[in-house]
Each structure stands twice: as C-alpha cells, then as structure tokens.
Amino acid sequence: MKVAITGSTGLIGSALARSLADDGHSVVRLVRRPARDEHEARWDPEGGTVDTGPLAGTDAVVHLAGTPLGPARWTTARRRAIRQSRVAGTRTLAAALAGMDAPPGRLLSGSAIGYYGDTGDQAVDESGDKGQGFLSDLCRDWERATAEAEEAGIATAHLRTGLVLSGRGGLLGSVLPLFRLGLGGRLGDGRQYMSWISLGDHVGAMRFLLERPGLTGPFDLCAPEPVTNAAYTRAVAASVGRPAPLPVPAFAMRAALGGFADEAALVSQRVLPARLEEAGFGFTHPTLGPALMAALSEASER
C-alpha cells in the first residue's frame with residue numbers, strides 16, 4: 001500500500017510509519033514545512049491548504065495530527081488551539097482528499113475516548129452516548145469534520161484512542177523517571193477508571209483497520225481490561241520495582257491544571273473495544289502487566 005500520515009513525528013505516527021515501512025509499504029508524510037522529496041507532502045491545516053500532488057495513488061490516509069491535550073492548564077487560548085488543530089485540521093484534510101481526481105479509498109481519523117465523558121464505574125463501548133464537557137464536544141466535532149471525505153465515498157473510521165502506553169513517550173514515558181525514584185503515586189482517590197492500550201496494539205489496530213475498508217465509523221482503541229488509577233499506579237510501580245507512596249491530591253491537580261484535571265486526569269472512563277473484538281482483532285497485550293513490560297522494553301531500546 002501507499003499510505004499518507006499526518007502527525008508522523010509523534011509517538012503513534014512514527015511507530016505506524018516504521019511498521020508500514022518495515023513491511024515494504026510506501027509512506028508519505030504530511031509536513032508543515034516545504035517537502036524535501038516525493039515521500040513528503042506539505043500541508044497547512046489551519047490555513048486550509050494541502051499539496052495533494054504527492055498523494056496521487058495513495059491507498060489510505062491516517063490522520064493523527066493535533067495539539068497535545070496536556071498535561072497542561074487548559075487556558076482559553078489552549079482550548080482554542082486544541083480545537084482548531086483537530087477540527088479545522090481534519091476539515092482541511094477531508095476537503096483536500098475529497099477534491100482529488102482519484103481520492104484514496106480509506107481514511108483513519110484520530111479521535112479519543114473523551115467522547116464518552118465521565119462514565120464512572122459503568123463500562124461503555126461504541127454504542128454509548130456522547131458525554132458532557134469540552135473533550136466530549138471536541139471529539140464529536142472532530143469526528144464530524146471528516147464529513148466531506150465520507151460524502152466523496154472515502155471509507156472512514158474514527159480512532160477513539162485511550163491512554164497509549166509506551167516507554168518512548170506519552171504520559172507513561174514522562175512519569176517513568178518519577179516512578180523509578182519512588183516518587184510515583186495515584187491521582188486523587190485513584191478510583192477513576194483508565195482505558196489504556198499498548199503502543200504495539202494501537203499500531204496493530206490501525207494496520208488491521210487499514211486492511212479492512214468495510215469497517216467504518218467509531219472504533220475504541222483501548223485494551224479490553226480497563227483498570228482503576230490506583231491499580232494502574234501499583235502496576236507501574238511494581239514494573240520498576242519501587243513503591244508508589246505519594247498520592248497526588250485532587251485539589252492540587254485542579255490548582256495546577258484546571259480543566260485538564262477535571263476532564264482528563266481525574267475523570268473515570270471505563271471503555272471497551274467492542275467493535276474491534278467483534279471484527280476479529282486480537283490484542284497482543286490485553287492485560288496491563290505485559291503491556292507495561294513491553295513499554296519498559298521500548299524505553300530500554302531508546
């Protein structure tokens with residue numbers, strides 16, 4: 001296949017690009033600077049332009065670009081940047097693909113389990129309703145922004161991603177040094193559920209969906225066994241052989257991070273990958289312990 005990727009320098013995008021290239025597929029990276037060769041295409045997501053010349057003959061596009069959610073205080077300006085990068089960027093890409101003489105047949109577009117809002121102890125899957133709050137509204141509009149591509153006949157799937165576990169980056173990669181020093185701890189009371197997925201399984205799920213254009217709509221990219229934050233904290237501490245005695249009080253997180261604490265770090269999301277499993281996808285790391293061991297192995301290879 002010939003696959004174009006936005007966000008190809010990020011944790012997930014770079015891992016997908018490596019996986020595809022290792023198997024002999026051709027990868028075109030969408031970049032914001034001038035393209036250096038035929039394996040790059042310039043785009044300006046906020047400005048509304050995409051150089052579709054290098055995308056000719058592309059079989060699929062994987063759209064992963066977007067301003068990181070955090071951890072950071074969600075100021076008005078940051079919320080605007082997060083929303084603009086995802087909604088406007090997706091709309092720009094969808095319009096450009098729809099306008100091609102021969103559009104690619106497949107689009108995988110990023111989203112997040114934030115769509116469901118706070119689910120408490122209740123398990124939800126892709127049949128669940130949209131939740132409340134900034135993240136939930138963002139995910140709804142993010143997914144709707146692919147409409148022009150879908151109307152052009154491009155088979156589109158939305159990747160509702162959970163917490164991606166990798167020792168190379170992301171949330172786990174950033175806190176591993178603290179845990180190795182014995183400074184890790186649960187967030188708040190630790191009873192909130194976390195829906196996670198190993199980096200390898202996330203890449204595997206994207207590869208699975210790329211090869212099955214008949215699978216459209218939302219897909220939860222998270223492992224089948226979500227855990228509480230307290231259980232997650234214990235597992236990370238055990239994986240590095242250190243205690244985790246220092247909980248981070250909820251009030252301190254709210255003081256430091258504002259809305260990010262209430263809508264991301266402290267929210268409970270017990271999300272299940274029903275549609276992936278129904279389609280026959282097999283997880284390499286369905287449980288947390290082996291997923292953390294794989295993540296630590298990635299960290300040692302850096």
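Only heavy atoms go into these numbers, but all of them, side chains included; no hydrogens, no water, no symmetry mates. Everything quoted here is computed from the prediction, not taken from an experiment.
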Next item on the list: List in chain and number order the residues that pass side chain to side chain donor-acceptor pair (under 3.5 Å) with E150, two or more places apart in sequence or in another chain; answer none if no residue qualifies.
Entry: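 Counting only residues at least two positions away or on another chain, E150 forms a side chain to side chain donor-acceptor pair (under 3.5 Å) with T146.
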
[atom1] of [X] to [atom2] of [Y]: how many Å apart, nearest 0.5 Å?
X    : Y    : atom1 : atom2 : result
L296 : L292 : CG    : CG    : 6.5 Å
L171 : L176 : CG    : CG    : 9.5 Å
Q192 : R270 : CD    : CZ    : 13.5 Å
I5   : T58  : CD1   : OG1   : 11.0 Å
H158 : S111 : NE2   : OG    : 7.5 Å
Y116 : D129 : OH    : CG    : 10.0 Å

Donor-acceptor contact below 3.5 Å, side chain [X] vs main chain [Y]:
X    : Y    : answer
S239 : V236 : yes
T92  : P45  : yes
N229 : L187 : yes
S166 : R168 : yes
S195 : Q269 : yes
S268 : Y193 : yes
T90  : V87  : no
R180 : V240 : no
S136 : Y115 : yes

Which pair of non-hydrogen atoms, one from [X] and one from [Y], has the smallest distance, and what is that distance?
X    : Y    : result
R78  : A72  : NE-CB, 3.6 Å
P249 : P247 : CD-O, 3.4 Å
A81  : T67  : O-OG1, 3.6 Å
P224 : L272 : O-CD2, 3.7 Å
P213 : A155 : O-CB, 3.3 Å
E298 : G167 : OE1-N, 3.4 Å

Are [X] and [Y] in one and the same hydrophobic cluster, where Ile, Leu, Val, Met, Phe, Trp and Tyr link if side-chain heavy atoms are under 4.5 Å apart?
X    : Y    : value
L163 : L172 : yes
W196 : L276 : no
I113 : M194 : no
F208 : V203 : yes
L11  : L221 : yes

Checklist line | Residues F179, T233; criterion side-chain contact (heavy atoms from CB on, under 4.5 Å); working and verdict | finding: CA-CA 9 Å; F179 274 85; T233 300; 3.9 Å; yes

Notebook entry, point to check: Who else is in L30's hydrophobic cluster (ILVMFWY, side-chain heavy atoms under 4.5 Å, direct or via others)?
Noted result: V28, W43, V50, L55, V61, L93, L97, M100, L107, I154

Can you list every salt bridge (Lys or Arg N to Asp or Glu O under 4.0 Å) pair that touches [range], not counting sequence neighbours?
range            : answer
residues 195-208 : D23-R207
residues 133-144 : R83-D141, K130-D137, D137-R140, E143-R160
residues 41-55   : R32-E46

Note to self: Check this for me, if you would: do D262 and R254 make a salt bridge, where the nitrogen-to-carboxylate-oxygen distance has to be below 4.0 angstrom?
What the structure shows: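 Salt bridge: yes.
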
Check: Any luck finding a side-chain donor-acceptor pair between H285 and S198 under 3.5 Å?
Finding: yes

Margin query: Side chains of S109 and H63 only: does a donor on one sit below 3.5 Å from an acceptor on the other?
Written below: no

Checklist line | side-chain contact (heavy atoms from CB on, under 4.5 Å) assessment of I197 paired with F283 | finding: CA-CA 9 Å; I197 186 171; F283 285 86; 4.1 Å; yes

Item checked: Sub-4.5 Å side-chain heavy-atom contact between Y232 and L165 -> yes

Next item on the list: Would you please name every residue forming a ring-ring contact (aromatic ring centres under 6.0 Å, His included) with F134, sequence neighbours left out?
Entry: W74

Note to self: Could you check whether atom CZ of R73 has more than 12 heavy atoms from other residues, nucleotides or ligands sitting under 6.0 Å from it?
What the structure shows: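 Yes, enclosed.
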
Next item on the list: Could you tell me whether Q132 atom CD has more than 12 heavy atoms of other residues or ligands within 6.0 Å of it?
Entry: no

Next item on the list: Check the pair D59 / R106 against side-chain contact (heavy atoms from CB on, under 4.5 Å), numbers first and verdict last.
Entry: CA-CA 7 Å; D59 299 291; R106 185 62 158 152; over 6 Å; no

Note to self: Walk me through whether V124 and D220 qualify under side-chain contact (heavy atoms from CB on, under 4.5 Å).
What the structure shows: CA-CA 10 Å; V124 300; D220 295 335; over 6 Å; no

